Amino acid sequence: MSNNKKSAVFPGSFDPFTNGHIDIVERSLEIFETVHVAVLENLSKNALFTPEERVELIEKIFKKRKQKVVVETFSGLLVDYVKKVKSRVIIRGLRAISDFDYEAQMALMNRQLDHRVETLFMMTREENSYISSTLVKQVAPYGGDVSMLVHPIIAKALQAKYSKKK
Ligand code: PNS
């Protein structure tokens, strides 16, 4: 494994990517040269966007920084993906104490699986602390305003998705 300390992996389902996720990527870029946004491939059947659609949308958001923000899907173990891209760091956003149990479990499991991989937690900005992909999916289908929750690129894609479903 290479000792690349300049890159980090930001994994998630990202169905869809929210303003909270954008903020974590932007703040991670203050610390790391490259951030690999790793989109989980094997989502449940209830996923709104396909993995490919999610990658495309996230790429569009970071179009101006495509050298620094690499967006890819991954399947299997996250630590294997981290190794594949020669990183050693997983970044996860924390919104509230309620996130902590699940996040601690994952971080400890990932360290069991590969002790060289470290998980770093980043507190969300307070204005993003209530935002989640689930919340977006509860509001958007009924035409609710999601402009404070997601980037306009995602808002447009949500609109298109839900108008097709009608
Ligand atoms: O956005 P999410 O759904 O909270 O992200 C969860 C994710 C993708 C980070 C997690 O499910 C994951 O890493 N899945 C891959 C399988 C794995 O390696 N699990 C970690 C050991 S628990």
Side-chain angles (χ1 to χ4, degrees), residues 1-2 4 7-29 31-32 34-62 69-125 127-141 146 148-151 153-155 157-158 161:
M1 187 195 229
S2 120
N4 186 351
S7 76
V9 173
F10 180 44
S13 307
F14 305 132
D15 187 45
F17 209 71
T18 66
N19 284 343
H21 297 134
I22 293 177
D23 175 54
I24 298 288
V25 171
E26 279 172 352
R27 285 160 58 206
S28 299
L29 285 173
I31 304 166
F32 298 96
T34 313
V35 173
H36 295 264
V37 179
V39 178
L40 184 69
E41 235 173 60
N42 37 329
L43 261 192
S44 73
K45 285 191 194 109
N46 301 331
L48 182 60
F49 293 100
T50 66
E52 294 70 29
E53 285 172 331
R54 282 177 274 144
V55 166
E56 205 181 307
L57 291 167
I58 302 166
E59 275 177 345
K60 265 192 202 165
I61 293 172
F62 295 106
V69 183
V70 180
V71 191
E72 280 180 332
T73 59
F74 81 103
S75 56
L77 288 179
L78 175 59
V79 289
D80 290 338
Y81 177 79
V82 174
K83 207 183 295 181
K84 191 184 104 183
V85 298
K86 298 183 168 45
S87 180
R88 293 186 57 179
V89 178
I90 295 169
I91 302 215
R92 293 286 288 173
L94 276 185
R95 287 166 301 192
I97 291 289
S98 52
D99 283 341
F100 184 77
D101 276 349
Y102 170 59
E103 292 300 332
Q105 259 179 11
M106 277 205 301
L108 293 174
M109 188 68 235
N110 283 328
R111 201 165 60 206
Q112 288 276 335
L113 292 166
D114 189 336
H115 68 276
R116 290 162 298 186
V117 172
E118 288 291 349
T119 302
L120 299 187
F121 294 109
M122 199 174 270
M123 250 357 257
T124 56
R125 281 182 204 289
E127 62 264 36
N128 291 336
S129 64
Y130 72 103
I131 301 179
S132 70
S133 301
T134 309
L135 194 67
V136 172
K137 285 185 280 191
Q138 281 171 6
V139 174
V146 289
M148 333 69 86
L149 310 179
V150 295
H151 190 280
I153 288 171
I154 303 285
L158 283 164
K161 193 62 101 176

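First listed ligand is number 1; within each ligand, the first listed atom is number 1. Just so you know, these numbers come straight off a predicted model, no measurement behind them.
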Heavy-atom nearest option to [atom], drawn from [options]:
| atom | options | value |
| --- | --- | --- |
| atom 7 (C) of ligand 1 | Met109, His21, Gln112, Arg92 | Arg92 |
| atom 12 (C) of ligand 1 | Phe74, Phe14, Phe10 | Phe74 |
| atom 15 (C) of ligand 1 | Pro11, Ala38, Gly76 | Gly76 |

Taking the side chain as every heavy atom from C-beta outward, state whether Glu72 and Val85 have any atom pair closer than 4.5 Å.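 A side-chain contact under 4.5 Å exists here.
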N/O donor-acceptor pair under 3.5 Å between [X] side chain and [Y] backbone:
| X | Y | result |
| --- | --- | --- |
| Asn19 | His151 | yes |
| Lys137 | Asp15 | yes |
| Thr73 | Val39 | no |

Can you name the atoms of ligand 1, numbered from 1 with element, that are less than 4.0 Å from a heavy atom of [X]?
| X | result |
| --- | --- |
| Met106 | 10 (C), 22 (S) |
| Tyr102 | 4 (O), 6 (C) |
| Leu78 | 13 (O), 17 (C), 18 (O) |

Under a 4.0 Å heavy-atom limit, does Gln105 contact ligand 1 with its side chain, its backbone, both, or neither? neither
Criterion side chain to side chain contact (heavy atoms under 4.5 Å, CB included) against Phe10, the qualifying member of His36, Met122, His21: His21
Hey, does [X] come in under 3.5 Å of ligand 1, counting only N/O atoms on both sides?
| X | value |
| --- | --- |
| Asn110 | no |
| Ser13 | yes |
| Leu40 | no |

Qualifying ring-ring contact (aromatic ring centres under 6.0 Å, His included) pairs with a residue from residues 75-116, counting only residues at least two apart or across chains: Phe74-Tyr81
Using the test side-chain hydrogen bond (donor to acceptor under 3.5 Å, both in side chains), find all partners of Asp23 that sit at least two apart in sequence or belong to another chain.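 For Asp23 the side-chain hydrogen bond (donor to acceptor under 3.5 Å, both in side chains) partners, ignoring immediate neighbours, are Arg27, Arg125.
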